[in-house]
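These notes are about the structure you will find just below.
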Amino acid sequence: MSEDKKVLDLKQRMEKIYRGGGTKAVEKQKAMGKLTARERIIALLDKDTFQEYDIFVKHDNTDFGMQDKELPGDGVIIGTGTILGQPVAVYAQDFTVAGGSLGFMHARKISKIMDYALNMHIPIIGINDSGGARIQEGVNALAGYGEIFYRNTISSGVIPQLSVILGPCAGGAVYSPALTDFVFVVDQISKMFITGPEVIKTVLGEEISAEELGGARVHSEVSGNAHFFSTSEEECFAQIRRLISLLPANNEARPLPVVPSKPKKCDISKIVPADPSEPYDVRDVIRAIVDDSAFMEVMELFAANMVVGFGRINGQTVGFVCNQPLVLAGVLDCDSSDKAARFIRFCDSFNIPIITLEDLPGYLPGIDQEHAGVIRHGAKVLYAYSESTVPKVTIILRKAYGGGYIAMGSRHLRSDFVFAWPQAEIAVMGAEGAANIIFKKDISEAENPAEMRKLKIQEYRDKFANPYVAAAKGYIDAVIDPKDTREFIERSLEIAKNKTVSRPNKKHGLPPF
């Protein structure tokens, strides 16, 4: 065969594979409002940068019922490319080929690109759209999942791992996304569950739709399994590209530098009401601090009493961990503690400084919280702050009561810089509760108990519920004018940029799972 014919043969072979599961299968995919696997990769990556590998891999056709099956690429596409110039590895399951089901060679392809990503120290993005394990391949398919889970674990904290759910993701398949750093879902397209509606109906007699059981909103608002919610695949890819621009390629690199920008011109002190009981949106404070007022929130719809996400200070990526007074007064509870702790540990893994904006009355009381394990969940925040070694700057905006004061990046958990606004109230508990206990006798014996209570509350607030008591003991580095907040953060990050911390030699700790 001549060289030209060999090239023509190559092109014909590739064209056949590019057709995926065939015209009907592709049309069915489009009818569901979904792009094909290859279209997804092209839409996600920079133009003309995708380099595909293992295109001619074939499944094991000796397994039961598979002898006459042709599965182009064995139902998954792998390769490398760039996003905003940064190299990434990517794989996308092809639902048009045997429903994207995972068999031995399918898993081997995914494992291969995961190994590439780890060895090359670049982020990996997995696009999940699969009916689950290929039953015909039996235990080989289960072994494939195990190999993927192992690589997810070994890569954790070394390279960023992103999972994109763009179709069904059921059974054992859901554990790979759960082991990665960030999960992206799309409304009415993403489905995740351990056992599907049919199994639940058969075993428990309960009827529920796939969307109600494990749709995008369920995992974004209720379970907390998803970190980014979007209404279309295009919006989802834009989110991924933006996130990649904020992250380092690996745990030994820094996020790519950008041209320094200036924050929005506004009086930050006017955002936060003087009345400690009056709510406000802490995201307005964040936007008044960060470059170009650009803040990328993570897990926006879940545990809204805690706000976490990424922004930039003088071009450097920083992570924000903030109480949200607009929701439940910003208290810590089971879900918000999990949300904050996980985000803190991610930032620490990838050398991203942590900025804490504190304003909370403490942990949420109640029978439900106690029985749900608020002790265990709340301890995760203490653990995450204590073990982290990146630069940490805490700003106490208003309230910092009791255990909440300690948990939210206090000096005692080794924050490098702790600043407070003049109106900050730092105490074991709120002035109202404290006055009732400390001055109980004075109040009860007064001619006008209500008036006496009011006076004692103010007395407690003046003497104890202010930042100067903590500052006098060195727990607060400085009481600052709110309008100087950005400047203090900038200088602190500059001072701490070469921070090093030694830790006892150990295999790992035991966070309170």
Side-chain angles (χ1 to χ4, degrees), residues 221-224 272 276-282 285 298-299 301-308 320-345 354-388 392 394-415 418 420 424-438 457 460-461 464-467 469-470 475-476 509-513:
E221 298 177 5
V222 183
S223 73
V272 181
S277 64
E278 189 175 338
Y280 63 92
D281 193 338
V282 75
V285 178
V298 177
M299 300 181 80
L301 303 178
F302 178 73
N305 44 318
M306 178 69 69
V307 172
V308 302
F320 282 89
V321 180
C322 315
N323 306 117
Q324 174 58 293
L326 205 59
V327 180
L328 295 175
V331 295
L332 283 169
D333 58 8
C334 293
D335 288 342
S336 64
S337 296
D338 287 354
K339 177 178 176 177
R342 193 180 195 280
F343 183 76
I344 291 165
R345 299 191 85 190
I354 298 167
I355 311 297
T356 302
L357 301 182
E358 183 173 357
D359 186 351
L360 81 163
Y363 284 88
L364 180 64
I367 297 170
D368 289 344
Q369 283 293 304
E370 295 294 347
H371 289 184
V374 69
I375 297 171
R376 171 169 50 88
H377 292 277
K380 294 180 184 181
V381 181
L382 306 176
Y383 192 101
Y385 271 118
S386 297
E387 76 167 347
S388 60
K392 292 173 284 189
T394 297
I395 312 290
I396 301 176
L397 306 179
R398 271 193 331 191
K399 300 184 297 296
Y401 297 155
Y405 155 70
I406 301 170
M408 289 298 296
S410 65
R411 166 57 45 75
H412 322 293
L413 302 187
R414 301 304 184 266
S415 270
V418 180
E425 297 184 1
I426 304 169
V428 173
M429 64 194 318
E432 289 82 359
N436 287 339
I437 296 171
I438 297 173
I457 287 172
Y460 180 86
R461 184 170 282 129
F464 304 108
N466 61 66
V469 175
Y475 301 148
I476 303 296
L510 187 62
F513 291 114

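Everything numeric here is computed off the predicted structure, so don't read it as measured data.
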Fill in the blank from the handout: Residues M306 and A340: closest non-hydrogen pair is CE-CB, 3.9 Å
Exercise for the section: May I ask you to test the L332-H377 pair for a side-chain heavy-atom distance under 4.5 Å? Expected result: no
Practice task
Would you check if V331 and S336 make a side-chain contact, meaning some heavy-atom pair closer than 4.5 Å?
Solution key: no
Handout entry: Min side-chain heavy-atom separation I375-E370 under 4.5 Å
Key = yes
Exercise for the section: Evaluate the criterion side-chain contact (heavy atoms from CB on, under 4.5 Å) for residue pair T394 and R411; output intermediate values, then yes/no. Expected result: CA-CA 9 Å; T394 297; R411 166 57 45 75; over 6 Å; no
Practice task
Measure the shortest side-chain to side-chain distance between I476 and I426 over non-hydrogen atoms and say whether it is less than 4.5 angstrom.
Solution key: yes
Exercise for the section: May I ask you to test the N323-V282 pair for a side-chain heavy-atom distance under 4.5 Å? Expected result: no
Completion exercise
Looking only at heavy atoms, the pair that brings A329 and P361 closest together is O-CD, 3.3 Å
Fill in the blank from the handout: For G378 and S337 the tightest heavy-atom approach is CA-OG, 3.6 Å
Practice task
Looking only at non-hydrogen atoms, find the nearest pair between A407 and Y363 and report the distance.
Solution key: CB-OH, 3.5 Å
Practice task
Keeping the roles fixed (side chain from Y383, backbone from L510), state whether a donor-acceptor pair exists under 3.5 Å.
Solution key: yes
Problem - Nearest heavy-atom neighbours spanning A341 and V381 - result: CB-N, 4.0 Å
Exercise for the section: Starting at CG of L397, measure out to CD of E358 and round the result to the nearest 0.5 Å. Expected result: 8.5 Å
Handout entry: Any side-chain donor near an acceptor of the partner, H412 and Y405, under 3.5 Å
Key = yes
Exercise for the section: Find out whether D281 and Q324 are in side-chain contact, i.e. whether some heavy atom of one side chain is under 4.5 Å from a heavy atom of the other. Expected result: yes
Fill in the blank from the handout: Rounded to the nearest 0.5 Å, the CD atom of E387 sits from the CZ atom of R414 at a distance of 14.5 Å
Exercise for the section: Please check if the side chain of K392 supplies one atom and the backbone of Y385 the other of a donor-acceptor pair under 3.5 Å. Expected result: yes
Fill in the blank from the handout: Residue set satisfying side chain to side chain donor-acceptor pair (under 3.5 Å) with Y280, at least two apart, ordered chain then number -> D359
Practice task
State the SG-NE2 distance between C334 and H371, to the nearest 0.5 angstrom.
Solution key: 11.5 Å
Exercise for the section: Could you grab the distance from atom CG of L328 to atom CG of L360, nearest 0.5 Å is fine? Expected result: 11.5 Å
Exercise for the section: Could you tell me the separation between the NZ atom of K339 and the CG atom of N305, rounded to the nearest 0.5 Å? Expected result: 7.5 Å
Fill in the blank from the handout: d(D335 CG, F302 CZ) to nearest 0.5 Å is 3.5 Å
Completion exercise
Looking only at heavy atoms, the pair that brings R345 and A384 closest together is CG-CB, 3.9 Å
Exercise for the section: Would you mind reporting whether V272 and V285 have side-chain heavy atoms less than 4.5 Å apart? Expected result: yes
